[in-house]
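Since the structure comes first, as structure tokens, the remarks are kept for the end.
What you see is a predicted model, and the numbers here were worked out from it, not measured in a lab. Residue numbers begin at 1 in each chain, while the letters A, B, ... track the order of the sequences.
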Amino acid sequence: MAQTDDSMDDDVFETVDDVNKKLNISVKNTGHPSPTGYRNYRPPPEVLKLCENDVIVSDEPVLHKTILLGDSGVGKTSLLVKFDTGKFQSGNFSATVGIGFTTKVVTVDNTKVKLQIWDTAGQERFRSVTHAYYRDAHALLLLYDVTNKISYDNIRAWLGEIREYAQDDVVIMLLGNKADCGMDRAIRREDGERLAREYNVAFMETSAKSGQNVELAFVAVARELKCRSTGQKDTNTFNVKDYIREQTEKPQCPPCTT
Amino acid sequence: MSTLEVEPGAAPESGLVTTDTLDNFDEMSCSLEEIKNINPSIEDEESNDNAIINEHFDETVSNDNEVASVDDDFELNKDWIGKDKHVFVLSMAGKPIYSRYGNEDKLAWLFGVMQTLVSFIQSSDDCIQSIHAGNTHFVFLVKKPLILVTVSKTRESESQLRIQLNYVFNQITNILTLTRLNKIYEQRQNYDLRRLLSGVERLIDHLLTFSENEPSVMLGAVQCLPLAASVRDTISSAITGACSKIKNLVFAILLANNKLITLVRMKKYCLHPADLHLIFNLVQASESFKNSESWTPLCLPRFDASGFLYGHVSYLSEDCQACLLLLTVERDVFFTLSEAKQKIVEKLRRSNCLEAINESLSTPGESSASAGFVEIRHYLYKCKSTSQFYQPILSPPYTQTKEPLTRIYKRAHHRLHNSSRPLKLMFERSADEAILAWDTKGFELFVVFEPLIDTSAAIMLVGRLLNWIKKKEERLFHLNAPTF
């Protein structure tokens, strides 16, 4: 009888320490009383981690998908590389093969927005591959080259494709890239604006070389997507077009002499 | 020679298709159908999708026309005429597709001449092969629906030139698939293919330079990055571990600096060196892969010319410039493969394989003199059963320019494989160097000696050299053929 008592004692009073010894875990004696009242109780690590962060919700930002579109050579990759690394790749043009995937976290009003940016090849032969990604996209940056009229003329065809393959509520932004071109310009700023108005999309001119509006283009998209995902769209607290109008850096233009 | 027994680099199984030199390029397999039949989950290739030739988009190709100037009169341009090797691609209807130098539109008349020559000979149920005028060779490859022509003063043999034209054809197939290429011309005989190939000129240019300068195309083999066998095995098993559950993954290829690190494959399927060369070329010529993880369709014509494989292409990490390609038959598995890639990189980092790769990339390699063969300037050793080759780094007098060496090898190679009188063994001395070329059942060997060496010394050295390579084979060759 005594023997069974002993064994019962063992079962009941086996302390956490003993268990830890068996499992080969060392527990630091913190000296603080245990919050649960059990001596030396230690919450599991994942609970501790939550406490350290002060916030219970995961801080993993929401993922938004953005596609760069436009004819070959208009500067989609350059724009992205400038945004991602701050560098402008001068030198030889190297066409994108297929689709390139980059993720970048942008901070909008103290919250993080994770943009997954898909950089597509402009060449026609890749269309069937890129089409497959249109429907998953939340935003589209559609680029033309202000020194290349054909790339501008093709914008209508691109918008046609977008309508066919992308979601109806996708955020579209039209970008006239290479705005630093000076004398080589073939498309006036007003032409871009007019086209954007016609299709009711946001517009700005950018330059991957000088960095003009590069950050803005992506941040504006991130902002719009964030507002949509938090359901603020209806209250109209944010309007991407107004936002751009306020924020756009206009290139310095010497005063006109009459 | 007793050394005949030695066959460095040979292995019972190979991930690469065994190649004979001067391979017949007409055989193309249909592996895709097989794989799809095994795993029928894949939706049928959207052939309609492929057939759409989108008419909304303006042709951007021919707008260079307007900037014509006197300099563009190529027939009058000495520089243009003086080029060592021209390569032209045109459609059966005579439409210009590619010219290595100059603007195709300006050369329309010349393309017309080429097309006329081909069709004139065809009208008597024959096929034009080549025209020889002094040192200039005009070689034709008529491969429906394209005509490929080279005009060469490089002293390469006709068959070597024809291999290069085949590579150009394969490069175009690599981009479009043969099925689509045929379909395009069935629908419209005078289609301007350049609109679908914009940007491909650069790949073809690069491929031609590659096939002229690198022995790999001539040998039909690939070179491996020297690595300890244990490291290579760890890398292969990291890939297998991360990918074994992924359905329909056909090949995983890790390469760096134009050398193969490892090739993991689906059971039963092997990769042809010619296809691997196209992949090397694509990776080398495409800077954009360095910017981000990429997803691209590509057709490996020797594997299956009728359809696309889809490739996840990425460099391992910022600090390790080896490029990993995961090739699958599924269209939409980028994210699955992207995850697998992350796992592979983590494993390689933990097992210090990234460092091992970097170390091998940064060490210049051994010259034959530093390996103890002072009389040997350079050599090429190809193991036939595994389609791999090894060469030491260049040493004087070839460090300044590689061209003479390349020419010696091409000439010796041609002598061995001359279709009218092939040779097994050749030893030849000239004022500048001596060359021994040897073709056996298991390997091909080309050794360039100092010019004063005598025959017996040369043969003795070759024996020692083979033993040396044999001793190092685990490091220099990818000897097992891992599968998923």
Side-chain angles (χ1 to χ4, degrees), chain A residues 63 65 68 70-74 76-78 80-85 87 89 91-104 116-133 135-136 145 148-161 164-165, chain B residues 43 45-63 172 174-177 180-181 184 193-203 206 282-283 285-299 308 310-314 331-332 334-335 337-338 341:
Chain A
L63 189 70
K65 296 165 187 166
L68 293 168
D71 277 11
S72 174
V74 297
K76 297 179 290 296
T77 306
S78 296
L80 177 57
V81 169
K82 178 78 182 181
F83 174 61
D84 191 24
T85 67
K87 292 188 194 112
Q89 295 178 310
N92 284 346
F93 164 68
S94 158
T96 302
V97 181
I99 307 180
F101 293 74
T102 307
T103 40
K104 175 100 176 164
Q116 186 177 73
I117 305 160
W118 301 343
D119 178 23
T120 63
Q123 282 113 359
E124 190 177 320
R125 64 175 181 278
F126 289 114
R127 295 284 149 80
S128 65
V129 191
T130 50
H131 284 164
Y133 289 86
R135 67 171 175 274
D136 293 333
D145 170 359
N148 178 345
K149 183 161 186 311
I150 294 171
S151 76
Y152 173 81
D153 292 341
N154 278 339
I155 289 295
R156 285 172 198 278
W158 279 109
L159 285 163
E161 290 215 344
E164 188 172 345
Y165 295 99
Chain B
E43 53 186 298
E45 186 73 34
E46 292 162 38
S47 53
N48 310 341
D49 198 9
N50 278 347
I52 294 171
I53 297 165
N54 212 320
E55 299 291 350
H56 308 310
F57 289 84
D58 286 345
E59 291 193 24
T60 40
V61 195
S62 51
N63 70 329
I172 294 172
N174 173 253
I175 299 295
L176 296 174
T177 77
R180 181 161 186 211
L181 191 61
I184 288 168
L193 198 64
R194 285 176 298 170
R195 60 182 296 174
L196 286 180
L197 292 181
S198 65
V200 180
E201 313 87 344
R202 242 166 25 94
L203 284 179
H206 199 275
L282 176 73
V283 170
S286 309
E287 275 296 304
S288 73
F289 289 141
K290 291 188 177 161
N291 296 333
S292 52
E293 282 181 80
S294 303
W295 180 247
T296 181
L298 73 170
C299 167
F308 280 125
Y310 296 85
H312 176 278
V313 189
S314 63
R331 292 170 69 106
D332 308 307
F334 172 85
F335 294 103
L337 296 183
S338 177
K341 185 242 170 169

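The two residues Phe101(A) and Ser292(B) come nearest to each other via the heavy atoms O-CB, 3.3 Å. When all heavy atoms of Ser288(B) and Thr96(A) are compared, the pair lying nearest together is OG-CA, 3.5 Å. Minimum interatomic distance between Gly199(B) and Gln123(A) (heavy atoms only, all atoms of both residues): CA-NE2, 3.9 Å. Here the closest heavy-atom approach between residue Leu197(B) and residue Arg125(A) is recorded as C-NH1, 3.7 Å.
For Leu298(B), no part sits under 4.5 Å from any heavy atom of chain A, backbone or side chain. Only the side chain of Val81(A) comes within contact range of chain B, judged by heavy atoms closer than 4.5 Å.
The number of heavy-atom neighbours closer than 6.0 Å to NZ of Lys104(A), taken from other residues, nucleotides and ligands shown, is above 12.
With chain B as the partner, the residue from Val97(A), Ile117(A), Thr130(A) showing the most heavy-atom pairs under 4.5 Å is Val97(A).
Under the 4.5 Å side-chain criterion, counting only non-hydrogen atoms from C-beta, Thr77(A) is in contact with Asn291(B).
Note that CZ of Arg127(A) is 10.0 Å distant from CG of Leu196(B), once rounded to the nearest 0.5 Å.
Legend: residues meeting side chain to side chain donor-acceptor pair (under 3.5 Å) with Tyr133(A), ordered by chain and number and at least two apart, are Trp295(B).
Ring geometry for Trp118(A) against Phe335(B) counts as tilted: the plane angle lies between 30° and 60°, on a 0 to 90° scale.
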